[in-house]
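What follows is a short report on a single structure.
Keep in mind the model is a prediction, meaning the values are calculated, not measured. Quick note on labels: first sequence line is chain A, next is B, and so on, each numbered from 1.
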Amino acid sequence: MPDPILDNLNPEQLEAVTAPDGPLLIVAGAGSGKTRVITRRIAYLLRDRHYQPWQIFAATFTNKAAEEMKNRVVQLVGGRQLAHELPIATFHSLCARILRREAPALGLPNNFIICDERDQLSAVKHVMRELGIKDTEVKPSYAQEIINRCKLNMLEPEEVGQVIESRHEQTLAAIYEAYQKYIRASHALDFEDLIWMTVRLFQEHPEILERYQQRYRQVLVDEYQDINATQFLLVRLLAAGHHNIAVVGDEDQTIYSWRGADIAHLLEFEKYFPERRIIHLEQNYRSKANILRAASTLIANNRLRFNKTLRTEAPPGPPVVVLSAETEYGEAEAVAHLVAALHRHASFQYKDIAIFYRIAALSRVYEEKLRELNIPHRVVGGVRFYDRAEIKDMLAYLQVVQNPANTIALLRIINCPKRGIGDKSLERLLDEARRRGVPLYEVLREVATSGQLVSGTAATGIQRFVQSIETWREFAHNHSILELYEKIRRESEYDASLGDPAQLEVRSRLEHLDELANAITQFELSQPKATLADYLENVSLVNPTDDLRDTQNAVAMMTLHMAKGLEFRVVFIVGCSEGLLPYRRSQEEGRTEEERRLMYVGMTRARDFLVLCHCDSRAVYGERQFSPASLFLSELPTSGVLHVRAEQASFRELALLANSDGSSGEIATQGELEEAPTSSPRSQGLLGRRVRHALLGEGEIIGIEGSGRQTTYLLRLDDGQLVRLLARHAQLEVCG
DNA sequence: TGTTCGTCGATTTTT
DNA sequence: TCGACGAACA
Ligand SMILES: Nc1ncnc2c1ncn2[C@@H]1O[C@H](COP(=O)(O)OP(=O)(O)OP(=O)(O)O)[C@@H](O)[C@H]1O
């Protein structure tokens, strides 16, 4: 009888899935079935070892990964309820759940709110103003970055020196300290706090830790190479009693070092759990051999890695194509045409195809060209829905209603729409609040009755504002989130403040606000018992595009980071230029190897066909700049890689090539031809000869394909271009 | 207090 | 090219 959980596993995979209790370390390369193993193991624990869903703590680093894992487990084990009961989620979300219950033990309120990057930046700016630090002296975004880097490593303000050495050390420490005070007073936690405070909770309250150790009998971490020091400490605390901790990782796929990820933790696992069982998976089940070889050759240039074996039994498949164009428009156009051809002439559906890029800003051109050709596509996690100003404003209203002490949100909406409460008044109110050590809202409430401290217009504005908030708070007690939202939207007259609905810009904002209503409805339907606090937490931690199901038949577009863990039959990596991939700033900060890993991750997502794109010049800040090909392109093997100029490319031919399995030699690749030339005797002699073409100039014949009338030459011109010419038309002159 | 216009400056990746 | 911020005006 077929067993969905234990069938279709190789012996090593099976060993990993069914390993007995105790620490388990699985180190394995791309496409070797790591995710398959960890999901099957969870299913196995549930079905055959009779664990309850809530006893399993499975952490991931992205919402997408969590969603994917949960879906797979539910598919294996079944049960509608299961999806809600299984604690498979990101570290941040698992921690938020714990803190929501236990916050009081740390002196924090249960209804804390989670502030995102933007809130964080505005908080930093706020405290810098209060401290009288000019943003020319220290850039707020820099201060933010340093604060986060400290918090990732559980460093207090006085320890700032450990992450930077600069004359600003004192200043940054002061900002950090003030920032902490400010967000605490606002009843807010930032992303880093979620992890760190959970660790602190466990360290300071052994009895609470013990409860969670009792509860979570199995700890699992996917993509373990991405773990940072705080997260590692967290899982060590949880597993301290039973040591039932299983992790899977691949050091070649560490792409989050800027979030504190460190390969060292892979080694340290063995230090903390010396009795660990270690399993290597060495067979790649995903990619055609040419793709795997190209990726392996590339990553071999990294020094910071173990030497893993990764083999495949797959046929060579089509060559990896390096597609070059003159400009980014040419590049995008070529991509779009090739996508169309793959759809039309080959067996690929749109949803089999993905386009990856280093930075999200790059997606635009490619989107445009796809749209021009009417190719359905979806951008995964581009401009984040909840990042839009109008959405953030409305959510800030909900946050203030939920917890008026949240000064961060309060400041966002106090004069939006305009209520005549200007900078001057606000400053006075904030001073008063600071002097007395009470939340800003407290002061507002008093001013609303006393009318003191501010001018007439401001006082009226405050009065009406406080009045509204109080009404909404009352209303929130016995109404749904949606009802509350609609009421706020109506009574705040926010819509009108956006301007004339005849304007396109305004209309799209209004549409976003309608979409928010839809999102709230969806949420309330899926979680009927959820509170406003639950909703706001969900909003902060889960991007709605994350759970946009991949149901549409559309080309997927995303950053290389988002691509991790996924697979597609066809992958395009666009913008393979120096400065972009590897990204200049990363390179300057000494993280070239991480950029190479990023490229490696992208390449290994492909099953059948991989296209790496590049262009000679690109507009940067509106200015056209020379854009040399990526270092990584030069690190690819010569064999199994085909270089094509977009201007000369026949997309139909490329599409047919993509469909070939590379074994019959219908269209051989450059490398194969060099190694094993097969062609008619007459042409044979030309292979490797220098020739001159009337129009194209001189070059070398590096390949001969087909025979008879179909014979074609593959010619490498002296400028590096590759062209394919039908032999009977090619008027070539042999040189020398 | 609110609006508009010009200048300047800056760009990663995710929770 | 876009957006954030400051100065000058309504
Ligand atoms: N034993 C197997 N037999 C057949 N196919 C397998 C087997 N193991 C894994 N696969 C397939 O190989 C592909 C890669 O598996 P999976 O995503 O689990 O790998 P991974 O190691 O997590 O990859 P990566 O680290 O690159 O994200 C999937 O399509 C999976 O279905």
Assert: residue with more 5' nearest nucleotide on DNA chain B, out of A:Leu598 and A:Ser425, is A:Ser425
Which part of the nucleic acid, if any, lies within contact of A:Asp423, taking any heavy atom under 4.0 Å across all strands shown: a base, the sugar-phosphate backbone alone, or nothing? sugar-phosphate
Using the side-chain heavy atoms of A:His561, tell me which of these nucleotides is nearest: B:dT13, B:dT3, B:dT15. B:dT13
Any carboxylate oxygen within less than 4.0 angstrom of a Lys/Arg side-chain nitrogen, looking at A:Glu595 and A:Arg358? yes
Rounded to whole Å, the CG-C1' distance (A:Asn415 to B:dG2) equals 9 Å
Give one of base, sugar-phosphate or nothing for A:Arg597, where a contact means two heavy atoms less than 4.0 Å apart. nothing
For B:dT12 versus C:dC5, give the span between their P atoms, rounded off to a whole number of Å. 16 Å
Do A:Arg412 and A:Asp393 meet the salt-bridge criterion of a basic N to acidic O distance under 4.0 Å? yes
A:Arg358 (side chain) and B:dT13 (base): donor-acceptor pair under 3.5 Å: yes
Which nucleotide, B:dT12, B:dT15, B:dG2, lies nearest any side-chain atom of A:Arg585? B:dT12
Using the six-membered base ring of B:dT14, report whether A:Phe61 stacks on it, requiring centroids under 5.5 Å and planes under 30° apart. no
Geometric cation-pi criterion A:Arg585 and A:Tyr583, 6.0 Å radius, 45° cone: no
In whole angstroms, how far is the P atom of B:dT15 from the CD1 atom of A:Ile227? 16 Å
Can you tell me which nucleotide in C:dC2, B:dT13, B:dT15 comes closest to the side chain of A:His92? B:dT15
Grab the CG-P distance between A:Leu541 and B:dT14 for me, whole Å please. 16 Å
Would you say B:dT14 has OP1 or OP2 under 4.0 Å from some side-chain N or O of A:Asn63? no
Please answer whether B:dT12 and A:Tyr583 are stacked, defined here as ring centres separated by less than 5.5 Å and planes angled under 30°. yes
Given atom NZ of A:Lys139 and atom P of C:dA4, what is their separation to the nearest angstrom? 15 Å
Counting side-chain heavy atoms from CB outward, which of B:dG2, B:dT15, B:dT14 is closest to A:Glu192? B:dT15
Take the protein atom CG of A:Leu121 and the nucleotide atom P of B:dT12, then report the distance between them rounded to whole Å. 13 Å
Please state whether the phosphate of B:dT15, meaning OP1 or OP2, lies under 4.0 angstrom from any side-chain nitrogen or oxygen of A:Asn228. no
Give the rounded distance in Å between these two atoms: CD of A:Glu328 and P of C:dT1. 12 Å
Under-4.0 Å side-chain N/O to phosphate OP1/OP2 contact, A:Thr559 with B:dT12: no
Spacing of A:Gln144 atom CD relative to B:dT14 atom C1', expressed in whole Å: 13 Å
Taking the six-membered ring for Trp and the single ring otherwise, decide whether the centroids of A:Phe356 and A:Phe572 are under 6.0 Å apart. no
When you get a sec, tell me which of B:dT14, B:dT15, B:dT12 is the closest nucleotide to the side chain of A:Glu589? B:dT12
Whole-Å distance separating the CG atom of A:Asp135 from the P atom of B:dA10: 11 Å
Show the numbers, then the answer: is there a side chain to side chain donor-acceptor pair (under 3.5 Å) between A:Tyr329 and A:Glu368? CA-CA 10 Å; A:Tyr329 299 104; A:Glu368 259 166 41; over 6 Å; no
Base, sugar-phosphate or nothing for A:Tyr256? Non-hydrogen atoms, less than 4.0 Å. sugar-phosphate
Assess the residue pair A:Arg618 and A:Glu326 against the criterion (salt bridge (Lys or Arg N to Asp or Glu O under 4.0 Å)); give the C-alpha distance rounded to whole Å, side-chain angles, the decisive distance to 0.1 Å, and a yes or no. CA-CA 9 Å; A:Arg618 177 177 291 280; A:Glu326 264 168 36; over 6 Å; no
Are any of A:Lys125's side-chain N or O atoms less than 4.0 Å away from OP1 or OP2 of C:dC5? yes
Residue A:Arg118, side-chain atoms from C-beta onward, closest of C:dA4, B:dT12, B:dG2: C:dA4
